[in-house]
Enquirer: 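Below is one structure. I have some questions about it.
All values reported here derive from a predicted model rather than from experimental measurement.
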Amino acid sequence: MLSYIHIKSLQGGIIIKKIVILESYAINPGDLSWNCFKEFGEVEIYDRTSENEVVERIKDAEYVFVNKLPITEKTLNECHNLKFIGVLSTGYNNVDVKACRLRNIDVCNTPSYGTYAVAQHVFALLLEISNHVYDHSKSVFDGKWAKSLYYSYWNHTVIEISGKTFGIIGFGRIGQAVSNIAMAFGMNVIFYSSNEHKELESDKCKAVSLDELYEKSDVISLHCPLTKDTKHMINKDSIKKMKKSVILINTSRGDLILEEDLRDALNDDKIFYAASDVVSIEPIKTDNPLLSAKNMLITPHMAWVAKEARERLIKISVENLRAFIDGNPINVVN
């Protein structure tokens, strides 16, 4: 059963505009407030919306907020009042931006809200792999320590990450935040980027070619967008260039990795470990190849979900709408 919230904002007793939030639950399962939108008009908030329900829910709306739901040209043809689409994420490939542009509909995304949350998650994954904190804690609660003859034990080899080489593919805001954390841990950073960042290079942080990054990295973290050039960039050929001891981390897009090739590489000990917060089809399918890989961590696309990050997302979205109404739109992607 979908929940639905209707908030009215009145000016002189007359409703100003209609705002529809189509996928609220993904951003705010109940621990935040949408009241900040009510200054702009009548607000309709839906937990979830199917593709079949979109037109009925937004056909009279001027302003619409969407997360992952497709907004197609067919949908736009039925929604003649629409002036603004706010995307409640940084990525906006679910919206037909070309069709919006032809109809003078501004599409605005929410950049940078999750930079630190995603960077933090990268190291949550890396530290779980290097220290196996959960497994060791579980062994204590299972009684192993109480029965031990020794004051200390470990179930896995623990890895010290200081001094290791951390390779970053994609050096935008998140890649740079990850770099800063890696250097704070005493790691040497190398990065590959389509853009030059000479001002960010130092003795501990250097730009390299992609092949050099594959060859030299002890850890590789993916932070590039998904394009025709980056799709399946991690495959059996690129894996052959990596160290067998490498740890691969993906918090960007699932299709950067050819999942069958990564599974085979892990199961054949061609790389040491991998961790991913994203997969090619989400929610994950039960036959996803990575579910049958050893030395694999998978989290459910939640690197971005820190409460503080979601608060920033809503705040940026409100400012996007306010700027549009004031005639000075920001974060326009079309």
Side-chain angles (χ1 to χ4, degrees), residues 118-131 156-227 229-253 255-259 261-278 290 293-297:
V118 175
Q120 175 178 308
H121 195 76
V122 169
F123 283 87
L125 295 171
L126 177 57
L127 293 174
E128 176 58 27
I129 292 168
S130 62
N131 287 65
H156 306 270
T157 299
V158 174
I159 301 166
E160 186 175 276
I161 63 174
S162 178
K164 299 289 194 298
T165 297
F166 196 110
I168 301 172
I169 300 177
F171 212 59
R173 293 184 182 93
I174 296 175
Q176 291 170 35
V178 168
S179 171
N180 290 335
I181 299 172
M183 287 189 288
F185 271 105
M187 305 183 81
N188 299 304
V189 173
I190 56 177
F191 67 89
Y192 171 78
S193 176
S194 57
N195 299 314
E196 286 193 358
H197 293 282
K198 292 188 180 298
E199 75 283 1
L200 299 176
E201 293 192 57
S202 67
D203 291 343
K204 293 289 185 180
C205 182
K206 295 183 181 298
V208 296
S209 69
L210 189 56
D211 281 349
E212 185 176 351
L213 187 144
Y214 287 147
E215 293 165 6
K216 292 186 175 180
S217 297
D218 299 299
V219 179
I220 296 176
S221 191
L222 306 180
H223 298 288
C224 54
L226 178 64
T227 67
D229 295 322
T230 61
K231 184 176 182 178
H232 295 166
M233 66 184 300
I234 304 300
N235 54 54
K236 62 182 179 181
D237 294 325
S238 56
I239 288 171
K240 285 179 183 177
K241 301 172 184 177
M242 301 177 192
K243 297 179 180 181
K244 288 188 175 182
S245 59
V246 74
I247 297 169
L248 175 67
I249 300 173
N250 184 15
T251 56
S252 187
R253 292 291 182 264
D255 269 328
L256 295 175
I257 295 174
L258 186 55
E259 292 168 337
D261 286 4
L262 178 56
R263 174 200 59 197
D264 293 345
L266 287 163
N267 289 342
D268 293 341
D269 297 319
K270 292 179 179 177
I271 66 172
F272 172 53
Y273 227 110
S276 188
D277 186 53
V278 288
L290 297 180
K294 68 178 184 180
N295 289 358
M296 181 80 216
L297 286 180

Enquirer: For Ser221 and Val122, which heavy atoms make the closest approach, and how far apart are they?
Expert: OG-CG1, 3.7 Å
Enquirer: What pair of heavy atoms forms the shortest contact from Met187 to Ile161, and how long is it?
Expert: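 Smallest interatomic distance, heavy atoms only, reads CG-O, 3.3 Å.
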Enquirer: Measuring from atom CD of Glu196 to atom CD of Glu201, what distance do you get when rounded to the nearest 0.5 angstrom?
Expert: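 With rounding to 0.5 Å, CD (Glu196) is 8.5 Å from CD (Glu201).
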Enquirer: For Glu212 and Lys216, which heavy atoms make the closest approach, and how far apart are they?
Expert: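 Smallest interatomic distance, heavy atoms only, reads OE2-NZ, 2.7 Å.
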Enquirer: Work out which heavy atom in Ser252 is nearest to a heavy atom in Leu222; give both atom names and the distance.
Expert: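 What the structure gives for the nearest pair is CB-O, 3.5 Å.
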Enquirer: Which distance, rounded to the nearest 0.5 Å, do you find between the OG of Ser238 and the CD of Glu215?
Expert: 12.0 Å
Enquirer: Any salt bridge between Asp269 and Lys294, counting N to O under 4.0 Å?
Expert: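 Yes, Asp269 and Lys294 are salt-bridged.
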Enquirer: Would you indicate whether the side-chain heavy atoms of Ile190 and Ser217 approach each other to under 4.5 Å?
Expert: yes
Enquirer: Does the pair Asp218/Lys243 count as a salt bridge with the N-to-O cut at 4.0 Å?
Expert: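 Between Lys243 and Asp218 there is a salt bridge, with a charged N closer than 4.0 Å to a carboxylate O.
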Enquirer: Look at the rings of Phe191 and Phe171 and say which category their plane angle falls in: under 30° parallel, 30 to 60° tilted, over 60° perpendicular.
Expert: parallel
Enquirer: Measuring only between side-chain heavy atoms, which start at C-beta, is Val189 closer than 4.5 Å to Lys204?
Expert: no
Enquirer: Using every non-hydrogen atom in the two residues, find where Thr251 and His121 come nearest and quote the distance to one decimal.
Expert: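 Residues Thr251 and His121, closest heavy atoms: CG2-CD2, 4.3 Å.
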Enquirer: ring-ring contact (aromatic ring centres under 6.0 Å, His included), that's the test. Do Phe185 and Phe123 meet it? Break it down for me.
Expert: CA-CA 10 Å; Phe185 271 105; Phe123 283 87; 5.6 Å; yes
Enquirer: Please examine the side chains of Asp261 and Ile234, heavy atoms only from C-beta on, and report whether any two atoms are closer than 4.5 Å.
Expert: no
Enquirer: Kindly indicate whether the side chain of Ile271, heavy atoms from C-beta on, has any atom under 4.5 Å from the side chain of Lys244.
Expert: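 No; the side chains remain at least 4.5 Å from each other.
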Enquirer: About how many Å separate CD1 of Ile247 and CE of Met242, when rounded to the nearest 0.5 Å?
Expert: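 Going from CE on Met242 over to CD1 on Ile247, the span is 12.5 Å.
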Enquirer: Under a 4.5 Å cut-off applied to non-hydrogen side-chain atoms, are Leu226 and Lys231 in contact?
Expert: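 SC-SC contact between Leu226 and Lys231 confirmed.
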Enquirer: As a test of understanding, state which of Val278, Asn250, Leu290 forms a side chain to side chain contact (heavy atoms under 4.5 Å, CB included) with Ile257.
Expert: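 The passing option is Asn250.
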Enquirer: Given side chains that start at C-beta, do those of Leu258 and Leu262 come closer than 4.5 Å, heavy atoms only?
Expert: no
Enquirer: What heavy-atom pair brings Phe272 and Asn295 nearest, and what distance separates the two atoms?
Expert: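 Shortest heavy-atom separation between Phe272 and Asn295 comes out as O-ND2, 3.0 Å.
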Enquirer: Does Tyr192 reach the side chain of Ile220, with side-chain heavy atoms less than 4.5 Å apart?
Expert: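 When only atoms from C-beta onward are counted, Ile220 and Tyr192 do not touch, as no gap falls below 4.5 Å.
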Enquirer: Run Leu126 and Phe166 through side-chain contact (heavy atoms from CB on, under 4.5 Å) and show every step you take.
Expert: CA-CA 11 Å; Leu126 177 57; Phe166 196 110; 4.0 Å; yes
Enquirer: Taking Asn180 for the side chain and Ala177 for the main chain, is one N or O donor matched with an acceptor at less than 3.5 Å?
Expert: no
Enquirer: Go through Thr227 and Thr230 one step at a time and tell me if the side-chain contact (heavy atoms from CB on, under 4.5 Å) criterion holds.
Expert: CA-CA 5 Å; Thr227 67; Thr230 61; 3.3 Å; yes
Enquirer: Quick check against the 3.5 Å criterion: does Lys241 have a side-chain atom that pairs as donor or acceptor with the backbone of Asp237?
Expert: no
Enquirer: To the nearest 0.5 Å, what is the distance between CD on Glu259 and CE on Met296?
Expert: 8.5 Å
Enquirer: To the nearest 0.5 Å, how far apart are CD1 in Ile174 and CD1 in Ile168?
Expert: 11.5 Å
Enquirer: Without swapping roles, check the side chain of Ser179 against the backbone of Gly175 for a donor-acceptor pair under 3.5 Å.
Expert: no
Enquirer: Got a second to check how far Asp268's CG is from Lys236's NZ, nearest 0.5 Å?
Expert: 12.0 Å
Enquirer: Report yes if the side chains of Cys224 and Met233 come closer than 4.5 Å at any heavy-atom pair, otherwise no.
Expert: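 Result yes, sub-4.5 Å side-chain heavy-atom pair found.
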